J.: 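The structure under discussion is supplied below as structure tokens; questions concerning it will follow.
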Amino acid sequence: MDQMSKKRTAAKTSNTWNKEEILRDYYIGWLSRNISLLGRREVLTGKAKFGIFGDGKEVPQLAMAKVFRKGDWRSGYYRDQTFMLAAGMMTPEELFAQLYGDTDLQANPGNGGRLMNNHFGTRLLDEKGEWKKQTEMKISSCDTSPTASQMPRLLGLALASRYYRQDEKLAQSDFFSKKGNEVAFGTIGDASTSEGHFFETINAAGVLQVPMAISVWDDGWGISVPNKFQTTKGSISEILKGFAKEGDSNGYYIYKASAWDYPELLRVYHEGVDKCRTEHVPVLFHITECTQPQGHSTSGSHERYKSPEQLEEEIHRDGLVHLREWIIKEDIAEADELDKIEKEAAKDAREARKKAWKNFQQPLLDKRDEFIKMTDVTTCSCAKTKKIEAIKSDLAKIGEPIRKDILSSGKKILRLICDACTNPENSLKTNVTTWLEKELAEGREAYSSHLWSESENAVKNIPGIAPVFDEKDDLVPGREILRDNFDKLFEKYPELIAFGEDVGKIGGVNQTYEGLQEKYGSLRISDTGIREATIIGQGIGLAMRGLRPIAEIQYFDYLLYALELISDDLATLQYRTRGGQKAPLIISTRGHRLEGIWHAGSPLSMVINSIRGVHVAVPRNMTQAAGFYNTFLASDEPALIIEPLNGYRLREQKPLNLGEYRIPVGKPETLKEGSDLTLVTYGSCVRIAEDAVAQLQEFGIDVELIDVQTLLPFDVDHAIVESLKKTNKIVFFDEDVPGGATSYMMQQVIENQQGYKYLDAEPKTLTARDHRAAYSTDGDYFSNPNAEDVFDVVYNIMHEYNPQRYPKIF
Ligand SMILES: Cc1ncc(C[n+]2csc(CCOP(=O)(O)OP(=O)(O)O)c2C)c(N)n1
Ligand SMILES: [Mg+2]
């Protein structure tokens with residue numbers, strides 16, 4: 001650490017306190033407090049929908065901000081507003097803009113109105129969706145609301161510093177890191193430490209020894225539930241003592257300090273973060289005696305569960321009050337000067353509120369006025385009917401109109417316009433329709449963009465490159481195709497890393513990374529503990545810092561442990577930041593058709609309905625699987641690739657252009673053309689379908705077999721409906737539950753692609769049973785659909801269609 005920043009951190013030079021800096025802290029503390037107080041009022045008076053604030057946690061955050069440098073990361077929660085102000089990462093106006101849900105990205109850059117207030121996120125991407133230089137920014141990864149969901153991501157953010165320090169090639173650039181000197185700061189409430197994600201992360205970071213600095217803001221409560229019901233012995237630092245580093249052991253530096261003790265907080269943050277940064281040892285700061293001057297959030301009042309004595313005691317414990325007393329006691333400033341600062345802070349908070357509100361409201365008022373003016377036409381008498389006038393006057397009376405008020409008035413007016421209103425020039429109908437179209441498009445941009453990447457490297461822009469084969473080559477086991485393809489990829493992408501349970505030393509349970517750890521080192525191909533949630537968090541954090549992780553979940557069924565993060569964090573990241581952040585993580589797993597309840601690998605509807613925003617590829621063999629890795633690595637988006645579990649030993653022709661060929665995403669492949677019926681499936685079910693199709697052919701039924709290849713996105717060019725136009729009959733087949741992924745496919749084809757227009761027979765789904773798959777071959781037979789079931793379903797449709805030609809068999 002250089003001398004200058006040492007001075008800054010200590011706020012003290014040769015035993016004299018740096019007055020200017022301390023008074024600045026005092027000002028920011030009070031500015032933040034006033035924002036909390038005003039913010040709550042904004043909700044109570046109806047200007048904002050919900051509010052949660054940082055009051056009572058100001059002082060420790062002032063200390064944390066002092067040791068937070070450019071290139072550092074935060075992964076925290078809604079209490080950190082003082083930190084964000086003190087670190088210069090947010091302005092007071094932006095805090096209010098968030099509270100109102102302002103969709104103006106200039107005013108509310110973190111998320112453009114998509115998230116409730118105090119969910120902090122730095123814009124890491126430029127307008128084109130490309131990375132900005134991370135070492136020149138102080139960065140907050142964008143918050144998520146589920147308690148402790150910030151923790152697994154934090155692990156990856158911290159771990160990235162290790163890669164940038166220890167990998168020679170990566171250490172050469174200073175774009176994402178300066179030789180791994182960045183600390184990832186985590187914050188969490190005392191009650192949220194009860195979550196599994198917290199403990200899993202703590203353990204993993206202790207094993208990995210990463211520069212992670214976690215602060216627990218301990219106010220003794222998780223909404224209305226006190227500490228004693230949350231934490232054994234009522235103290236997180238007490239029970240984490242076993243994690244403390246001892247001598248040469250791995251582990252943590254653990255600090256405990258009171259939230260009102262400013263000089264001590266400066267000391268512990270300075271010392272702890274310094275060690276964390278230089279030694280790459282994780283640090284835990286247990287900050288006790290935080291308060292909640294206004295209770296938990298605007299959703300309730302703490303008078304309901306805190307006794308009058310407890311409420312009174314909190315007032316005396318207030319960190320800002322103690323800071324004031326300390327400043328006076330240390331002779332740094334006198335009471336008058338502090339009074340002035342407090343007044344100034346209150347005034348600045350009020351002004352910020354006013355400006356942010358005007359910025360938010362004025363465009364809406366203008367929109368409303370413009371709308372009313374635009375409806376004021378005289379070309380047709382219907383424009384002046386009583387009903388329409390009433391709608392307009394109701395709209396004009398709304399003091400604080402929002403988009404919804406205006407649009408809903410527009411739609412209601414449209415219903416009342418007479419049919420004669422066809423004059424294209426300035427007729428009410430034309431005006432209102434044009435207005436609605438424009439406003440709805442604007443609303444879609446504000447609220448529905450960036451579920452998927454909109455950059456040049458979006459998956460949809462990555463064209464396919466066909467695999468090339470030498471017909472003379474022998475067939476090889478499928479796993480070798482994956483292994484040799486990975487080999488090419490590790491060579492091609494220095495930032496590529498892979499990890500998971502058993503991935504390192506033995507190269508994966510199916511040996512798809514065989515020999516690669518020896519070749520590329522144990523940093524790039526590594527084993528992890530059994531900890532699915534943090535395997536995913538590790539991947540998210542690493543991907544956000546410019547690395548290209550493949551995080552392996554050993555079996556698809558175990559993805560459930562990590563689903564919360566994939567759904568809440570990974571899938572929403574681009575969306576919730578409106579294109580401000582991304583994590584191009586590839587999740588690799590294997591599924592379909594092994595045996596028993598927890599290895600069936602088939603509950604696809606579990607993912608397709610919860611992780612929109614992540615691509616889902618369901619390759620039928622390893623050639624296709626390898627091609628998907630190649631495609632997704634060329635893109636900047638997250639993906640889940642489910643390798644077909646029973647295909648590792650099956651022999652396939654090995655492509656010559658490994659690492660290069662790319663399977664296009666969202667493009668089904670027709671594996672066999674046919675004229676009688678379209679059979680749609682994916683993954684390992686393709687092989688069963690092929691068997692059934694051959695059996696059906698013997699009975700004169702010519703099936704067209706389509707492998708959808710990816711479920712998200714699904715058939716982007718609407719190829720399946722083209723098949724249906726020819727066959728007029730369709731079956732959707734998989735081994736998910738009834739109403740699962742087959743119903744999704746059916747909705748896509750019958751409704752989205754308008755397939756219903758071409759049906760000559762009832763469209764059918766063929767699925768597994770409602771229960772999970774039982775053990776053994778017979779268990780599978782009675783749980784999952786098999787080739788005979790496919791035969792029966794298809795044959796019976798043909799029988800219904802033409803009973804003479806296809807007499808009933810079964
Ligand atoms: C997974 C999950 N469960 C429940 C909630 C609802 N919730 C929001 S905050 C909160 C209490 C958190 O308390 P603590 O971690 O001590 O933080 P504090 O608000 O006291 O700073 C709860 C239960 C949630 N957001 N996520
Ligand atoms: Mg708490």
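As the structure is a prediction and not an experimental result, all values here were calculated from the model. Whatever order the structure lists ligands and atoms in, that order sets their numbers, starting from 1.
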J.: State whether Glu264 and Arg267 are salt-bridged, where the test is any N-O pair (Lys NZ or Arg NE/NH1/NH2 against Asp/Glu carboxylate O) under 4.0 Å.
T.: yes
J.: For residues Pro603 and Phe556, determine if any side-chain heavy atom of one lies less than 4.5 Å from a side-chain heavy atom of the other.
T.: yes
J.: Among all protein heavy atoms in this structure, tell me which lies nearest to atom 16 (O) of ligand 1, with the distance rounded to 0.1 Å.
T.: Asp190 OD1, 2.7 Å
J.: Where does Asp219 meet ligand 1, judged by heavy-atom distances below 4.0 Å: at the side chain, the backbone, both, or neither?
T.: side chain
J.: For ligand 1, is any non-hydrogen atom under 4.0 Å from Glu195's backbone (N, CA, C, O), its side chain (CB onward), both, or neither?
T.: side chain
J.: Judged by non-hydrogen atoms, does Trp221 sit under 4.0 Å from ligand 1?
T.: yes
J.: Given a threshold of 2.8 Å, state how many protein N/O/S atoms are nearer than that to the Mg ion (ligand 2).
T.: 3
J.: Do Arg153 and Gln538 have side-chain atoms, one donor and one acceptor, less than 3.5 Å apart?
T.: no
J.: Short check: is a protein heavy atom less than 4.0 Å from atom 6 (C) of ligand 1?
T.: no
J.: Taking atom CD1 as the centre, does Ile530 end up with more than 12 heavy-atom neighbours from other residues, nucleotides or ligands that are less than 6.0 angstrom away?
T.: no
J.: Hey, looking at atom 22 (C) of ligand 1, which of Thr187, Thr144, Ile223, Thr193 has the closest heavy atom?
T.: Ile223
J.: Show which atoms of ligand 1 fall inside a sub-4.0 Å distance from at least one heavy-atom site of Arg79.
T.: 18 (P), 19 (O), 21 (O)
J.: Does a salt bridge link Lys66 with Asp25, judged by any charged N lying under 4.0 Å from a carboxylate O?
T.: yes
J.: Could you tell me whether the side chain of Ile535 reaches within less than 4.5 Å of the side chain of Phe499, counting heavy atoms only?
T.: yes
J.: Kindly indicate whether the side chain of Asn117, heavy atoms from C-beta on, has any atom under 4.5 Å from the side chain of Tyr100.
T.: no
J.: Taking 4.0 angstrom as the limit, do Arg33 and Asp318 come out as a salt bridge?
T.: yes
J.: Is the NZ or CZ atom of Lys245 both under 6.0 Å from the centre of the six-membered ring of Tyr252 and within 45° of that ring's axis?
T.: no
J.: Report, in ascending order of atom number, the atoms of ligand 1 lying under 4.0 Å from any heavy atom of Gly222.
T.: 11 (C), 13 (O), 16 (O)
J.: Which of the atoms of ligand 1 are close to Gln292, meaning less than 4.0 Å from one of its heavy atoms?
T.: 20 (O)
J.: My understanding is that we take every heavy atom of each candidate and find the minimum distance to atom 12 (C) of ligand 1. Doing that for Tyr78, Trp217, Tyr77, which one comes out nearest?
T.: Tyr78
J.: If you count the atoms of ligand 1 from 1 in the order shown, which ones are under 4.0 Å from a heavy atom of Ser192?
T.: 12 (C), 14 (P), 15 (O)
J.: Can the positive tip of Arg74 be found less than 6.0 Å from the middle of the six-membered ring of Phe83, inside 45° of the ring normal?
T.: no
J.: Please determine whether a side-chain nitrogen of the Lys or Arg among Lys241 and Glu238 lies less than 4.0 Å from a carboxylate oxygen of the Asp or Glu.
T.: yes
J.: With atoms numbered from 1 as shown, which atoms in ligand 1 lie under 4.0 angstrom from a non-hydrogen atom of Ala191?
T.: 13 (O), 14 (P), 15 (O), 16 (O)
J.: Would you call Arg576 and Asp568 a salt bridge, taking side-chain N to carboxylate O under 4.0 Å as the test?
T.: no
J.: Ignoring hydrogens and geometry, is there a side-chain-to-backbone donor-acceptor pair from Asp736 to Ala741 under 3.5 Å?
T.: yes
J.: Tell me the contacting part of Ser145 for ligand 1: side chain, backbone, both, or neither, using a 4.0 Å heavy-atom threshold, strictly below.
T.: backbone
J.: Could you pull out, from Thr147, Ile52, Ile188, the option with a heavy atom nearest to atom 1 (C) of ligand 1?
T.: Thr147
J.: Within the 4.0 Å heavy-atom shell around Gly189, which atoms of ligand 1 are there?
T.: 14 (P), 15 (O), 16 (O), 17 (O)
J.: Report yes if the side chains of Glu342 and Asn34 come closer than 4.5 Å at any heavy-atom pair, otherwise no.
T.: no
J.: As an exercise, identify every atom of ligand 1 less than 4.0 angstrom from a heavy atom of Pro146.
T.: 26 (N)
